[in-house]
Amino acid sequence: MTQTSKSQRPQNLWARLRDSRTSVSLLLLAIAAATPLAAPALGQSFYVDVIARIMIWAIAATSLNLILGYGGMVSFGHAVYLGIGAYAMGIMATEGITNGFIQWPLALLLCGFFALIFGAISLRTKGVYFIMITLAFGQMLFFLGISVERYGSDDGLLIFTRSEFDLGFAELDLSNGTTLYYVIWASLIGCIYLSHRIVNSRFGMVLRGAMSNETRMQAIGVPTYRYRLAAFVIAGMMAGLAGLLSANFERFISPDMMNWPRSGELIVMIVLGGMGTLFGPVLGSVAFLMLSELLSTWTEKWHLIFGPFLILVVLFARGGLAGMLERLNPRSDP
Amino acid sequence: MNYVLLAEQFLNGIQLGLLLFLLSAGLTLVFGIMDLVNLAHGSLYMIGAFFAATFTALTGSFLIGVLLALPATLVVGIVVEIVVLRTLYARNHLDHVLATFGLILFFNELVRVVWGPAGMSIPLPAALDVSVSLLFGITYPIYRIVIILVSLAVAVGLYFLISRTRIGMLIRAGASNRTMAGALGVNIPRLFTLIFGLGAALAGLAGMMIAPVTQASIGMGEQILIFAFVVIVIGGIGSIRGALVGALLIGIIDTMGRSFLDVLLLVVISPAAAETAGPALSSMMIYILMALVLAIRPQGLFPPRGRQ
C-alpha cells in the first residue's frame, strides 16, 4: 500500500512546473543565468556581483536546510563550515598552493573532517544543548581565526590568486569573472539537485523519519545517530563548497564569516524561504539579501526594522515564502 | 612564572567567573523553567551597562547610577517578556532562536540610535579606583574585589531566595512540573514574568559592574553570552549550582589560559611555535573543555533533579 504525502512531489515535469514554488525558483535561476549577459547591456553590472553573492549564500542555506529542514538539527554554527572551506583555500593560497585540483578536494575533506568531529560530539545531545554546542564550536573556530596572525587574524586575509584549474589541454579560468559566476551558478544547481536526490532517497527518508519521531525510527531498528551524522557531514561539506566559492569570488576572507550572526542569518534565510522545502533556501536567501540591501539603502538603521520583522515572521509566517507560494497553487492539484 | 602574577590572574578568573554566574543564573533559570532559549539575554547585559552609564552621568554617582539602572533593566526585561517572549513559550526552540536573534538585532540598533555608536565609559569613584595590597605582596584593584563580593552576595541571596522563600518554592515547583503547579493554583504566567525580570536584572547587574572596567559598548553582550552558554551547558541546564561551578571553572580556565598557556607550552615546544599556538589554543580551551564534559556527561555536570 502506498501512501501519498505532501512531500512526495508529482513526477511529471509539467505537473511540477505548475507547482508555483518550483516555477518561481526556476525562473529565479534562469534570471541568474541571464544576468551576466543582460546586466552590462543595461548598465547594471553591479547586480552581477549581488546575484553571485546571493547564490553563494543560497548554497550555504541549501546545505543547512538539509540537516535543519529535513533532519530537525538546529545547527547554530553552520557558518563555520563556510569559514573552514574559505580558510583552507586561503591558507593554501598563502602558502603557494594555487592548484584548484589540490585546493578544492582538500578543503572539502577538511570541512567533512571538522563536521564529523563536531557532529559526533554535538549529536550526542538534543534540543537546546545541540543549539548551544554547535554555536560554541562555531565560536571556537571563529576565535581561532582571530588569533592566528599568520593568516590575517581579525583583519582577514587577501587571496591574490584564485584557484587554478589547468589540465594543460583545457583550463577553467576562474580569474575571469563571468566564468566564476557560472561556476557558482552551476554549483548552486548541483547542490539543489544533490539535496533533492538525498531527500528523496532511502537515506533522506530515514532522516525525515528521525525528525518526526526518533523513538519510532529506533524501534524499527534504524541507527538514527549514524544517519544524522552522515547528513551533518554532507551538509558541512556543501557549506564548505560555498566557502570555497566565496573565497574565490571575494578574494578576501575574514573570521567574521564564521561569526555566529552569520549562522543566525543562514537560519533566518531558511525559515524565511520555507524550511524543509527544496527551493526554500534559494527563495529565502534572495529575499533576505534583497531585503537587507533594500532596507540598508533606505535607512542605515535597518536592523531596527529587520529585528521586529524577524519576530513577526516567526510568529505569523508559517512555511515561509515557499509556503505562501504553495498556497497560490491551483486547488485541483491532487 | 611568579606567584604574584599567578594569584592576580587567579583572582581575575574568579571575578570573570562570578560575573558569568550572574549572567548564566538568569539564563539557566529562564531555560530550565520556561524552556525558552533566550539569545537576547546578552542584550539585557548591554542595556544594563548603558543604563548605568547614563544614570551615573546624570547623578554623578556610580552607586546611585547602578541603583537606578537595576530597576530600569528589570522593567525592560518584563516588557520584553510580556510583549515578545510570552507568545513564544508554546513554540519550538528554532522559533525561540530566530525571534530572540531578531531581538538582538533590534536592541543593538536601538542602543546605537539612543546612545550613539561609540559606547560609553563610566568613571569610577575615586575611593574604588585604587589598588589594595592583600597578603604576600599581592596588590589588587579594589573595584574588582567589590565585583567579587557583590557577585558572591548575589549568589548567596539567590540561593536563599530559591531554597528558603515562598517565591523560591514556586519557582522550583514551576521548574519541576509547571502543569501541575498551574493546576494547584500557581499563576504560572506571572511567575514566568517575574523570573524573566529577575534574570534580566541579574544580567543587567553584571553589565553594570563590568562597564567601568571595559566600557559599555554595542555587542558587548554577544561575546559574553556565548561564554554563558558554555557555562550552562557544562553545568547542566536549569541548575543554579551547575551554573556557579561552571562559571567559576570557565572564568578561571579562560583567564589562566590566556596568561599562562604560552609559558606552559614553552616547556613542550619551541618559542616560535608557542607564540602562535598559545593564543590560538587558549581561546579554544573552554570549548574543548565543554566538548570533553559533553562527551562524558551529555547532561552536564549538575543536571537538575526532576528533569529527564
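Quick caveat, the model's predicted, so the values are computed rather than measured. In the text below, chain A, chain B and the rest are named by the order of the sequence lines, each starting its count at 1.
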Name the option with the most non-hydrogen atom pairs under 4.5 Å to chain B; the candidates are A/Leu310, A/Val74, A/Leu304.
A/Leu304

Which bit of B/Leu39 comes within less than 4.5 Å of chain A, counting heavy atoms only: side chain, backbone, both or neither?
side chain

If you count heavy-atom pairs under 4.5 Å with chain A, which of B/Arg112, B/Arg91, B/His96 comes out on top?
B/Arg91

Heavy atoms of B/Val230 and A/Ala136 approach each other most closely as CG2-CB, 4.1 Å

Heavy-atom proximity to chain A below 4.5 Å, by part of B/Leu281:
neither

Assert top hit (heavy-atom pairs under 4.5 Å, partner chain B, pool A/Ile121, A/Val268, A/Leu144) equals A/Leu144

Near A/Arg226 CZ, under 6.0 Å, is it more than 12 heavy atoms from other residues, nucleotides or ligands?
no

Should B/Phe106 and A/Phe306 count as side-chain neighbours, where that means a heavy-atom distance under 4.5 Å?
no

Atom group of A/Phe118 that falls short of 4.5 Å from chain B, counting heavy atoms:
neither

Quick check on the interface: out of A/Met140, A/Glu265, A/Arg150, who has the most heavy-atom pairs with chain B under 4.5 Å?
A/Met140

If I take atom NE2 from residue B/His93 and atom NZ from residue A/Lys126, how far apart are they, to the nearest 0.5 angstrom?
13.5 Å

Would you mind reporting whether B/Leu98 and A/Ile267 have side-chain heavy atoms less than 4.5 Å apart?
yes

Chain B interface, residue from A/Ile305, A/Leu135, A/Ile133 that has the most non-hydrogen pairs under 4.5 Å
A/Ile133

Per-residue contacts, residues 214-228 of chain B versus chain A, heavy atoms under 4.5 Å:
B/Glu222, B/Gln223, B/Ile226

Under 4.5 Å heavy-atom distance to chain A, tell me which part of B/Met284 shows up: side chain, backbone, both or neither.
both

Is it true that a side-chain atom of A/Tyr129 and a backbone atom of B/Ile237 form a donor plus acceptor pair closer than 3.5 Å?
yes

A/Phe76 and side-chain contact (heavy atoms from CB on, under 4.5 Å): which single residue from B/Leu94, B/Val97, B/Val37 fits?
B/Val97

How far does CE of B/Met290 sit from CZ of A/Phe137, to the nearest 0.5 angstrom?
5.0 Å

Let me know if B/Val233 has heavy atoms under 4.5 Å from chain A in its side chain, its backbone, both or neither.
both

Please work out which of the three classes, parallel, tilted or perpendicular, describes the rings of B/Phe101 and A/Trp260, given edges at 30° and 60°.
perpendicular

Check whether A/Ile146 gets within reach of chain B through its side chain, its backbone, both or neither, counting any heavy atom under 4.5 Å.
neither

